[in-house]
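Have a look at the structure below before the remarks.
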Amino acid sequence: MKKNIAILGSTGSIGTQALEVIEANPEIFSVAVLTAQENADLLIEQAVKFLPKEVVIGNEKHFDKVKSALSAYNIKVYSGIEALVSVVEMDDVDTVLTAMVGYAGLLPTIHAIKARKDIALANKETLVVAGELITGLAKQYGVNIYPVDSEHSAIFQCLVGEEANKIEKIILTASGGPFRGKDRAYLANVTKEQALKHPNWSMGAKITIDSATLMNKGLEVIEAKWLFDLEASQIDVIVHPQSIVHSLVQFEDGSIKAQMGLPDMKLPIQYALRYPARLKSAFPRFNFTDYPSLTFEKPDLDTFRNLAIAYEVLEKGGNTACIVNAANEIAVEAFLRDKIGFLEISDLIIESLAKMSYISAPTYSDYVQTNEATRRFASELIQVKV
Ligand code: NAD
Ligand code: MG
């Protein structure tokens with residue numbers, strides 16, 4: 001029996017790599033659903049090639065184009081936010097790969113869990129915003145969440161066979177991004193072009209900026225808390241510029257297990273889609289003699305404040321990670337439009353955290369309101385600054 005995959009965000013970096021994995025394994029996977037927000041041309045091309053049952057283009061402006069391009073095929077075409085959210089509920093879907101970017105991942109993931117679909121989770125923002133809600137629902141509906149993020153996949157792989165053993169701590173590795181070793185004076189003047197040049201990974205714009213500010217590692221610390229049920233004190237971050245050791249788990253006997261390999265997201269994607277089996281692949285292999293030294297150093301939390309902020313909200317709980325996520329999304333967007341400087345990304349998050357009201361046990365509608373109110377506040381703050 002083939003596994004039918006719904007890919008939310010099929011035109012992005014994770015989405016296109018997931019389709020490469022599916023294409024390389026046609027006897028194992030088929031595509032049930034493809035969705036994208038803006039890139040109608042690529043979505044059409046993908047639909048013609050993979051023949052999903054349903055396609056959703058988020059922006060309704062492109063609906064007619066997609067609909068007429070696919071009229072000769074047996075593919076249902078929808079557009080708009082409601083379709084994006086409910087398309088995952090289709091009977092034909094086995095696993096939903098959440099590969100869209102940002103807060104927009106939350107609601108479709110909730111719908112997918114309630115429809116009892118397994119989740120291959122790339123959209124880390126979902127767990128950052130509402131980790132307690134999502135992991136609670138997954139338990140309630142008996143749904144598995146398989147991590148796609150390479151660090152979390154590494155930890156997940158290290159935990160196979162260790163179900164009865166307690167985790168003492170995990171160690172998330174970070175490349176350090178393009179500005180590793182730089183100070184605040186340098187960072188004050190960096191451009192988006194510099195920030196978009198990641199040393200080891202080619203990814204979407206938002207996560208690439210998050211990697212440069214270390215917000216990405218902060219979001220991953222929060223993501224790890226929810227995926228592996230850990231306390232903040234059990235989650236360490238270490239900078240490892242070569243991105244070969246993808247992360248590590250330390251057990252109570254002091255033993256540490258690591259998962260390694262050349263940086264390639266196709267590996268964690270296919271592991272999440274086909275767990276517990278490992279699929280044969282032709283990716284380049286890691287060779288120790290090509291890397292005579294793998295290095296590790298402490299992250300600089302004074303310069304890269306977003307990582308410190310993530311630890312702070314992990315302790316505070318409630319809706320604080322939702323506030324950080326929303327402020328960060330607005331700040332990154334503004335940085336990419338040259339509206340604010342690199343260091344102001346953290347300023348904006350800190351000011352938003354100070355301003356927004358704290359809710360200790362948020363409901364779904366509290367998250368919706370917190371997200372909207374924070375985005376409004378952060379956007380107004382940018383207006384005042386420019
Ligand atoms: P991307 O920007 O390359 O692609 C985003 C996809 O989401 C596109 O298909 C786009 O059409 C769609 N999209 C954008 N806005 C949307 C909205 N409002 N509603 C619905 N769909 C929308 O992003 P990416 O780099 O592929 O990252 C996707 C997710 O995976 C992010 O949450 C990111 O943090 C996570 N992730 C990515 C990588 C990576 O290597 N790229 C690694 C780990 C985790
Ligand atoms: Mg990662």
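We count ligands from 1, going down the list as the structure has it; atoms in each ligand are counted the same way. Small disclaimer: the values here were computed from a predicted structure and weren't measured.
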Q. How close do Y271 and V160 get, heavy atom to heavy atom, and via which atoms?
A. OH-CG2, 3.5 Å

**Q.** Which atom of E151 approaches the Mg ion (ligand 2) most closely (N/O/S)
**A.** OE1

Q. Name the residues with a heavy atom less than 4.0 Å from ligand 1?
A. G9, S10, T11, G12, S13, I14, A36, Q37, L84, A99, M100, V101, A104, A122, N123, K124, E125, D149, M203, G204, I207, M265

Q: Considering just N/O/S atoms, say which atom of D149 is closest to the Mg ion (ligand 2).
A: OD1

Q: Mind checking the CD1-CG spacing from I222 to L127? Nearest 0.5 Å is all I need.
A: 10.5 Å

Q: Compute the centroid of each ring, for F286 and then for Y291, and state whether the two points are separated by less than 6.0 Å.
A: yes

Q. Do the rings of F179 and F342 sit parallel, tilted or perpendicular, given the 30° and 60° boundaries?
A. perpendicular

(Q) For T370 and N319, which I'm curious about, is there any donor-acceptor pair between the side chains at under 3.5 Å? (A) yes

**Q.** Minimum-distance N/O/S atom that E220 presents toward the Mg ion (ligand 2)
**A.** OE2

Q: Look up atom CG in L51 and atom CD1 in I75, then write down how far apart they are to the nearest 0.5 Å.
A: 5.5 Å

Q) To the nearest 0.5 Å, how far apart are CG in L187 and NZ in K182? A) 9.0 Å

